[in-house]
Amino acid sequence: YQEYSYMFTQLHPSRRNAMYLVLLSFIGLIAATFYTIRLTYKHFEPVMDKDYYEIGLNYENSIKDQKELMNQGFQLDLKIGNGDIILTKGIMPVVVSVKQYQNLSNADSIKLILERSATTKQTYNYELKKSSDGIYKTNIEIKDIGSWNTRVIAMIGGKTFEKQGIISIR
């Protein structure tokens, strides 16, 4: 053990200090690596979309469906809460109308996805139900402030029609 207590004693004081700094930096790097690994396991999040490979394969078909439905005059109108871009947190009504050439139309199903960027912990899916007036409705609850991405996905005649947007909760 005596050999280690005199590890850098024969070096010039400036070189000795440099060696201690290198040694301390190396120990700090190792500690930071283990801390990062610990954080990774403690706050693990899975892949954003489990079927990402299928989504990639169907990307061309989705674009084709979107263009076809737009050429047929379809559009989706989304209204969350009072319709503002900046909303307050809490329970809000969601209204989606499917229109073809400005007239109400039908969809096989409509789904709303609320998600935060780069995380799966705050991704919420809502199925909308058709009301008697031909508009699709549901209620959602947003508990956290910040920006949210909205995606309305309608299945119309076996084709996917999607509209994306952003809302801000204060």
Side-chain angles (χ1 to χ4, degrees), residues 31-170:
T33 300
F34 281 110
Y35 180 70
T36 303
I37 291 170
R38 182 176 157 255
L39 282 179
T40 301
Y41 282 109
K42 188 176 180 182
H43 301 289
F44 176 74
E45 287 191 38
V47 176
M48 296 279 288
D49 290 314
K50 291 180 182 177
D51 57 347
Y52 68 93
Y53 186 71
E54 291 177 28
I55 292 172
L57 288 175
N58 293 327
Y59 184 69
E60 292 295 325
N61 289 336
S62 297
I63 291 174
K64 186 178 115 187
D65 289 351
Q66 188 86 4
K67 285 181 180 179
E68 282 180 26
L69 291 169
M70 287 176 73
N71 289 337
Q72 293 173 14
F74 281 97
Q75 70 182 48
L76 293 172
D77 293 331
L78 169 66
K79 181 181 173 188
I80 298 177
N82 59 7
D84 292 338
I85 294 175
I86 299 175
L87 302 165
T88 57
K89 59 184 182 174
I91 297 174
M92 291 174 269
V94 175
V95 177
V96 174
S97 58
V98 179
K99 294 182 179 177
Q100 185 177 20
Y101 299 115
Q102 301 302 323
N103 297 318
L104 283 178
S105 185
N106 292 319
D108 302 329
S109 67
I110 294 185
K111 176 169 62 170
L112 170 68
I113 301 174
L114 280 178
E115 57 192 356
R116 300 296 287 266
S117 297
T119 183
T120 57
K121 287 185 178 178
Q122 292 183 325
T123 299
Y124 303 103
N125 293 302
Y126 300 95
E127 291 290 329
L128 282 80
K129 304 291 181 202
K130 188 174 181 179
S131 63
S132 60
D133 56 0
I135 295 176
Y136 297 81
K137 298 178 182 181
T138 194
N139 287 319
I140 63 171
E141 182 176 10
I142 301 178
K143 298 178 182 179
D144 297 317
I145 61 172
S147 294
W148 290 82
N149 299 321
T150 61
R151 290 174 48 204
V152 178
I153 302 171
M155 292 299 293
I156 302 171
K159 296 179 181 172
T160 304
F161 194 57
E162 184 173 329
K163 181 178 182 176
Q164 298 183 9
I166 296 176
I167 58 171
S168 185
I169 306 297
R170 306 265 179 212

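Quantities reported herein were computed from a predicted structural model and do not represent experimental measurements.
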J.: Any donor and acceptor pair, going by atom type alone, linking the side chain of Thr150 with main-chain N or O of Gly165 inside 3.5 Å?
T.: yes
J.: Quick check: closest heavy atoms across Lys130 and Gly134, and the distance to 0.1 Å?
T.: CE-CA, 3.7 Å
J.: Contact between Lys79 and Ile135 at the side-chain level, heavy atoms closer than 4.5 Å - yes or no?
T.: no
J.: So, for Ala154 and Leu76, which heavy atoms are closest and what is the spacing to 0.1 Å?
T.: CB-CD2, 4.0 Å
J.: Measuring only between side-chain heavy atoms, which start at C-beta, is Gln75 closer than 4.5 Å to Gln102?
T.: yes
J.: Checking Asp108 side chain against Gly157 main chain: does a donor-acceptor pair fall under 3.5 Å?
T.: yes
J.: Rounded to the nearest 0.5 Å, how far apart are NZ of Lys64 and OG1 of Thr160?
T.: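 These two atoms lie 12.0 Å from each other.
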J.: Could you list the residues that satisfy salt bridge (charged side-chain N to carboxylate O under 4.0 Å, His left out) with Asp84, not counting sequence neighbours?
T.: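 So Asp84 forms no salt bridge (charged side-chain N to carboxylate O under 4.0 Å, His left out) with any residue.
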J.: Name all residues meeting the salt bridge (charged side-chain N to carboxylate O under 4.0 Å, His left out) criterion together with Lys137; count only those two or more places apart in sequence or in a different chain, and write none if there are none.
T.: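 By the salt bridge (charged side-chain N to carboxylate O under 4.0 Å, His left out) rule, Lys137 matches Asp133.
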J.: Nearest 0.5 angstrom please: Lys163 NZ to Leu112 CG, how far?
T.: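 Separation between the atoms: 12.0 Å.
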J.: What pair of heavy atoms forms the shortest contact from Asn71 to Tyr101, and how long is it?
T.: O-OH, 3.5 Å
J.: Considering non-hydrogen atoms only, spot the tightest contact between Met70 and Phe161 and give its length.
T.: CG-CE1, 3.5 Å
J.: Which residues pass the side-chain contact (heavy atoms from CB on, under 4.5 Å) test with Asn139, sequence neighbours left out?
T.: Ile91, Pro93
J.: Assess the residue pair Ile80 and Ile140 against the criterion (side chain to side chain contact (heavy atoms under 4.5 Å, CB included)); give the C-alpha distance rounded to whole Å, side-chain angles, the decisive distance to 0.1 Å, and a yes or no.
T.: CA-CA 9 Å; Ile80 298 177; Ile140 63 171; 4.0 Å; yes
J.: Measuring only between side-chain heavy atoms, which start at C-beta, is Leu128 closer than 4.5 Å to Val152?
T.: no
J.: First locate atom CD1 of Ile110, then atom CD of Glu127, and finally report the distance between them rounded to the nearest 0.5 Å.
T.: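 Separation between the atoms: 9.5 Å.
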J.: Are the side chains of Asn82 and Leu87 in touch, meaning some heavy atoms are under 4.5 Å apart?
T.: yes
J.: Hey, could you give me each pair passing side-chain hydrogen bond (donor to acceptor under 3.5 Å, both in side chains) that has a residue in residues 86-100? Not counting sequence neighbours.
T.: Asp77-Lys99
J.: For Met155, is the CE atom crowded, meaning more than 12 foreign heavy atoms sit under 6.0 Å from it?
T.: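 Atom CE in Met155 is crowded, with more than 12 foreign heavy atoms closer than 6.0 Å.
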J.: Any non-hydrogen side-chain atom of Arg116 less than 4.5 Å from a side-chain atom of Asn149?
T.: no
J.: For a 4.5 angstrom cut-off between non-hydrogen side-chain atoms, does Phe74 reach Glu68?
T.: no
J.: Taking Ala107's backbone N and O only, do any of them form a donor-acceptor pair with Tyr136's side chain (distance below 3.5 Å, no angle check)?
T.: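 Here the side-chain-to-backbone pair exists.
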J.: To the nearest 0.5 angstrom, please state how far the CD1 atom of Ile169 sits from the CG atom of Asp144.
T.: 10.0 Å
J.: Compare all side-chain heavy atoms of Gln122 with those of Trp148 and state whether any distance is below 4.5 angstrom.
T.: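 When only atoms from C-beta onward are counted, Trp148 and Gln122 do touch, with a gap below 4.5 Å.
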J.: Take atom CD1 of Ile145 as the centre, draw a 6.0 Å sphere, and report whether it contains more than 12 heavy atoms from other residues, nucleotides or ligands.
T.: no
J.: The criterion is salt bridge (charged side-chain N to carboxylate O under 4.0 Å, His left out); which residues satisfy it with Lys111, sequence neighbours excluded?
T.: none
J.: Return the set of residues passing side-chain contact (heavy atoms from CB on, under 4.5 Å) with Tyr35 (not counting sequence neighbours), or none when no residue passes.
T.: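 Per chain and number, Tyr35 pairs via side-chain contact (heavy atoms from CB on, under 4.5 Å) with Arg38, Leu39.
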